[in-house]
Amino acid sequence: MRPAAKVILALDVDNFQRAKYFLDRLYPRIKIFKVGIHLFSACGPRIVKAIHKKGGEVFLDLKFFDIPNSVANAVRQAVRLRVKMLTLHILGGAQMLAVAVKAAKEEAGRLGLKRPLLIGITVLTSRESKPGNVLMLARAGLKCSLDGVVCSAREAQSLRKRLKKRFLIITPGIRPGGCGDDQKRTATVKEALRAGSDFLVIGRPILQAKDPLAQAEGILKEIGAYERRD
Ligand code: C5P
């Protein structure tokens with residue numbers, strides 16, 4: 001049996017103070033915080049250290065996509081930051097992914113640290129996509145030894161069925177009560193769980209809620225009820 005799915009809060013905010021506000025309010029109910037291009041461009045490693053200091057874990061979502069040498073060096077830096085997981089675009093190609101995996105192993109081994117989970121981006125959930133594209137990309141990523149993929153809950157189920165290997169599925173685009181923004185391939189919490197997601201990435205539905213903690217608690221309760229179902 002898989003362990004219960006976990007919520008990752010996407011800390012998509014403008015500055016350190018705002019990020020710290022959500023960190024202080026939501027930890028320890030939320031334990032994993034996603035730092036993406038928005039927040040990392042604003043305050044860099046400082047926020048990663050603040051999350052660790054609080055006791056939380058970091059999902060560094062910078063979606064690396066560059067020449068293999070540059071990506072390998074970026075991955076080494078992410079290992080030094082002790083992040084739990086990081087993302088890179090599967091479209092960057094097999095060589096880029098292979099050197100990233102090697103760099104993560106080497107750097108973690110050299111420093112005696114746990115290697116971060118390397119998670120491949122398939123197709124962004126803000127875009128429409130044919131299920132076949134996501135499957136093809138996921139297969140390519142797993143062949144290069146990535147630990148998991150990001151995909152919408154809509155594709156997760158078919159990936160679980162078709163790809164026999166054990167791998168992590170991370171699903172963004174979760175909309176507990178419908179959708180009215182830029183996300184296209186959305187799902188409710190229950191749909192994501194039913195599809196086999198291991199991690200649910202949730203940003204705006206919590207960040208923009210009147211009471212973010214109550215919203216997070218509601219989502220966690222829904223996950224708990226799902227895990228306890230008959
Ligand atoms: O606010 P919202 O819940 O839409 O946030 C979703 C988060 O997941 C954003 O930080 C976005 O960058 C990220 N993401 C995504 N689709 C992907 C990969 C990451 O929406 N394929």
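Any value given below was found using the heavy atoms of this structure, including those in side chains, with hydrogens, waters and symmetry copies removed. What you see is a predicted model, and the numbers here were worked out from it, not measured in a lab. Whatever order the structure lists ligands and atoms in, that order sets their numbers, starting from 1.
Judged purely by atom type and a 3.5 angstrom limit, Lys165 uses its side chain to pair as donor or acceptor with the backbone of Leu142. For Glu227 (side chain) and Gly224 (main-chain N/O), no donor-acceptor pair under 3.5 Å exists by modelled atom type. Between the side chain of Asp198 and the main chain of Ile169, a donor-acceptor pair closer than 3.5 Å is present. Judged purely by atom type and a 3.5 angstrom limit, Arg160 has no side-chain atom pairing as donor or acceptor with the backbone of Ala156.
Rounding to the nearest 0.5 Å gives a distance of 10.0 Å between CG of Leu135 and OG1 of Thr122.
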Check: every ligand 1 N/O to protein N/O pair under 3.5 Å:
unit_1, atom_1, unit_2, atom_2, d
ligand 1, 1 (O), Arg204, N, 2.8
ligand 1, 1 (O), Arg204, NE, 2.8
ligand 1, 3 (O), Arg175, NH1, 3.1
ligand 1, 3 (O), Gly203, N, 2.8
ligand 1, 4 (O), Arg175, NH2, 2.6
ligand 1, 4 (O), Gln183, NE2, 2.9
ligand 1, 4 (O), Arg204, NH2, 2.9
ligand 1, 10 (O), Asp12, OD1, 3.4
ligand 1, 10 (O), Asp12, OD2, 2.6
ligand 1, 10 (O), Lys34, NZ, 2.7
ligand 1, 16 (N), Thr125, OG1, 2.8
ligand 1, 20 (O), Thr125, OG1, 3.1
ligand 1, 20 (O), Gln183, NE2, 2.9

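Note on Phe33 and Tyr21: same hydrophobic cluster, where clusters join Ile, Leu, Val, Met, Phe, Trp and Tyr whose side-chain heavy atoms are under 4.5 Å apart, directly or indirectly.
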